[in-house]
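The structure appears below as structure tokens.
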Protein chains: 2
Amino acid sequence: MEYKISELAGICNVNKETIRYYERKSLIPKPYRNNSGYRIYGDSTVKRVSFIKKMQDLGFSLSEIYKLLGIVDKDSDRCQDMYQFVSEKQMDVEKKINDLKHIQKVLSNLKDCCPNERDLYACPIIENVLDDSG
Amino acid sequence: MEYKISELAGICNVNKETIRYYERKSLIPKPYRNNSGYRIYGDSTVKRVSFIKKMQDLGFSLSEIYKLLGIVDKDSDRCQDMYQFVSEKQMDVEKKINDLKHIQKVLSNLKDCCPNERDLYACPIIENVLDDSG
DNA sequence: CTTGACCCTGTACTATGGTACAGGGTTTAT
DNA sequence: ATAAACCCTGTACCATAGTACAGGGTCAAG
């Protein structure tokens with residue numbers, strides 16, 4: 001399948017300016033241009049933009065994602081120190097999961113303890129986040 | 001205990017400009033000032049700044065944190081719609097944990113499959129992130 | 001054959017979350 | 001009593017991740 005920029009943007013649920021921005025930042029390859037100079041994308045770019053968005057949601061920065069995409073692109077420069085980079089990310093992700101589980105408990109307590117919307121501001125539970133977060 | 005701005009910043013491991021920035025943004029209360037106009041903080045601010053940093057690491061924005069702190073401050077304005085806000089955040093957090101678990105698997109596969117650092121850029125596993133991320 | 005919906009480039013602007021001065025006062029150690 | 005190491009305000013600047021707009025070309029329908 002072939003897509004013009006707005007179609008790609010629509011499928012990936014991003015602004016088309018974002019697509020051009022990713023191109024400037026070399027996060028996606030320079031696409032084929034038709035006779036009018038329009039950018040024409042294939043399915044691999046759909047996947048790639050979706051991947052970028054996914055990773056971003058999970059707290060990876062665009063420069064980290066750029067590095068990870070070095071593997072996809074088989075770019076030996078960007079793959080320098082990739083092993084260590086992946087190891088560090090593993091630890092980050094581990095920690096993030098644990099912290100999020102804690103937050104999950106706190107949010108859940110927050111609701112259980114104050115089922116009445118009006119009472120929330122007096123709820124003592126939020127203090128636990130502070131107490132446990134050190 | 002009482003702390004001057006640099007002490008607070010040191011304990012919380014943030015820049016002292018960040019502390020003043022949080023004050024401007026009303027994320028921390030305006031502190032007591034001594035005779036020289038110096039900001040003097042107590043332990044509650046240590047907790048509060050730590051909480052802010054913790055939540056930030058977990059993907060909450062400062063404006064979301066501001067809202068959550070409305071409970072601590074018993075501010076009925078900021079607590080408007082808090083119940084719904086917390087419910088939404090619960091779902092976000094749930095989703096984030098699941099996605100991070102997936103990333104964890106991918107990162108782990110990435111290392112297992114290519115124990116030689118030089119081979120990483122040829123590793124086929126990263127494609128899975130793309131394939132599974134839709 | 002023109003109107004509207006696209007596309008292009010280039011540049012400027014935005015929000016978020018800080019960070020870095022400049023220009024001045026205070027405190028502390030020698 | 002003076003230098004180093006703090007503190008103050010105010011403003012400017014930075015990176016990240018976009019978003020908007022000006023000024024112009026292209027294409028498809030009526």
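Letters A, B, ... mirror the listed sequences (proteins, then strands); counts begin at 1. Owing to the predicted nature of the structure, the values given are computational and were not obtained by experimental measurement.
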Verify same cluster id: [X], [Y] (apolar side-chain graph, 4.5 Å):
{"X": "Val86(A)", "Y": "Leu58(A)", "value": "yes"}
{"X": "Met91(A)", "Y": "Leu100(B)", "value": "no"}
{"X": "Ile103(B)", "Y": "Phe85(A)", "value": "yes"}

Going by the salt bridge (Lys or Arg N to Asp or Glu O under 4.0 Å) test, which pairs reach into residues 10-21 of chain B, not counting sequence neighbours?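 Found Glu17(B)-Arg20(B).
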Over how many whole Å does the gap from [X] atom [atom1] to [N] atom [atom2] extend?
{"X": "Glu7(B)", "N": "dA5(D)", "atom1": "CD", "atom2": "P", "value": "16 Å"}
{"X": "Lys25(A)", "N": "dT16(D)", "atom1": "NZ", "atom2": "C1'", "value": "8 Å"}
{"X": "Tyr21(B)", "N": "dA15(C)", "atom1": "OH", "atom2": "P", "value": "12 Å"}

On DNA chain D, check which nucleotide each of Asn34(A) and Lys16(B) is closest to and give me the residue with the more 5' one.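 Nearest nucleotide further toward 5': that of Lys16(B).
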Starting at the 5' end of DNA chain D, which residue's closest nucleotide do you reach first, Asn15(A) or Asn35(A)?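 Nearest nucleotide further toward 5': that of Asn15(A).
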Any residue in residues 59-66 of chain B with a heavy atom nearer than 4.0 angstrom to DNA chain D? Just list them by number, or reply none.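 Result for residues 59-66 of chain B: none.
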Under a 3.5 Å threshold, yes or no: a donor from one side chain and an acceptor from the other, between Gln84(A) and Glu88(A)?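 Distance-only check passes for Gln84(A) and Glu88(A).
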Is the number of heavy atoms from other residues, nucleotides or ligands within 6.0 Å of CD (Gln56(A)) greater than 12?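 Correct, the count exceeds 12.
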At a cut-off of 3.5 Å, list every protein nitrogen or oxygen paired with a nitrogen or oxygen from nucleotides 9-12 of chain D, distance to 0.1 Å.
| unit_1 | atom_1 | unit_2 | atom_2 | d |
| --- | --- | --- | --- | --- |
| dT9(D) | OP1 | Arg33(B) | NH1 | 3.2 |
| dT9(D) | OP1 | Arg33(B) | NH2 | 2.9 |
| dT9(D) | OP2 | Arg39(B) | NH1 | 2.9 |
| dT9(D) | OP2 | Arg39(B) | NH2 | 2.6 |

Reckon [X] has a side-chain N or O less than 4.0 Å from the OP1 or OP2 of [N]?
{"X": "Lys53(B)", "N": "dG17(C)", "value": "no"}
{"X": "Gln56(A)", "N": "dT16(D)", "value": "no"}
{"X": "Tyr22(A)", "N": "dG18(D)", "value": "yes"}
{"X": "Thr18(B)", "N": "dG17(C)", "value": "no"}

Any residue meeting side chain to side chain contact (heavy atoms under 4.5 Å, CB included) with Ser61(A), in chain and number order, not counting sequence neighbours: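 For Ser61(A), the residues satisfying side chain to side chain contact (heavy atoms under 4.5 Å, CB included) (neighbours in sequence not counted) are Ser63(A), Glu64(A).
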Shortest non-hydrogen contact between [X] and [Y], atoms and distance:
{"X": "Tyr3(A)", "Y": "Leu8(A)", "answer": "CB-N, 4.0 Å"}
{"X": "Ala9(A)", "Y": "Asn15(A)", "answer": "CB-C, 4.0 Å"}
{"X": "Met82(B)", "Y": "Lys67(B)", "answer": "CE-O, 3.0 Å"}

Quick one: are Arg78(A) and Tyr66(A) in side-chain contact, heavy atoms under 4.5 Å?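 Contact flag for Arg78(A)/Tyr66(A) side chains = yes.
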Atom pairs under 3.5 Å: protein N/O with N/O of nucleotides 22-26 of chain D:
| unit_1 | atom_1 | unit_2 | atom_2 | d |
| --- | --- | --- | --- | --- |
| dG25(D) | N2 | Tyr38(A) | OH | 3.0 |
| dT26(D) | O4' | Tyr38(A) | OH | 3.3 |
| dT26(D) | O3' | Ser36(A) | OG | 3.0 |

Checking all strands, does Lys4(A) fall into the base, sugar-phosphate, or nothing category for heavy-atom contacts under 4.0 angstrom?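 Since only primed, P, OP1 and OP2 atoms lie under 4.0 Å of Lys4(A), the category is sugar-phosphate.
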Of all the choices, dC8(C), dC7(D), dT19(D), which nucleotide is nearest to the side chain of Ile5(A) once you look at every atom?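 So the side chain of Ile5(A) is nearest to dC8(C).
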Would you tabulate the pairs of protein nitrogen or oxygen atoms and nucleotide nitrogen or oxygen atoms of nucleotides 2-4 of chain D closer than 3.5 angstrom?
none

Is Lys89(A) positioned over the aromatic face of Phe60(A), cation under 6.0 angstrom from the ring centre and no more than 45 degrees off axis?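 Lys89(A) over Phe60(A) ring: yes.
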Taking the basic N atoms (NZ, or NE/NH1/NH2) and the acidic carboxylate oxygens, is any pair closer than 4.0 Å for Asp99(B) and Lys96(A)?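 Between Lys96(A) and Asp99(B) there is no salt bridge, as every charged N stays at least 4.0 Å from the carboxylate O atoms.
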Identify the residue among Glu2(A), Glu7(A), Glu23(A) that makes a salt bridge (Lys or Arg N to Asp or Glu O under 4.0 Å) with Arg39(A).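 Checked Glu2(A), Glu7(A), Glu23(A) against Arg39(A); only one passes salt bridge (Lys or Arg N to Asp or Glu O under 4.0 Å): Glu23(A).
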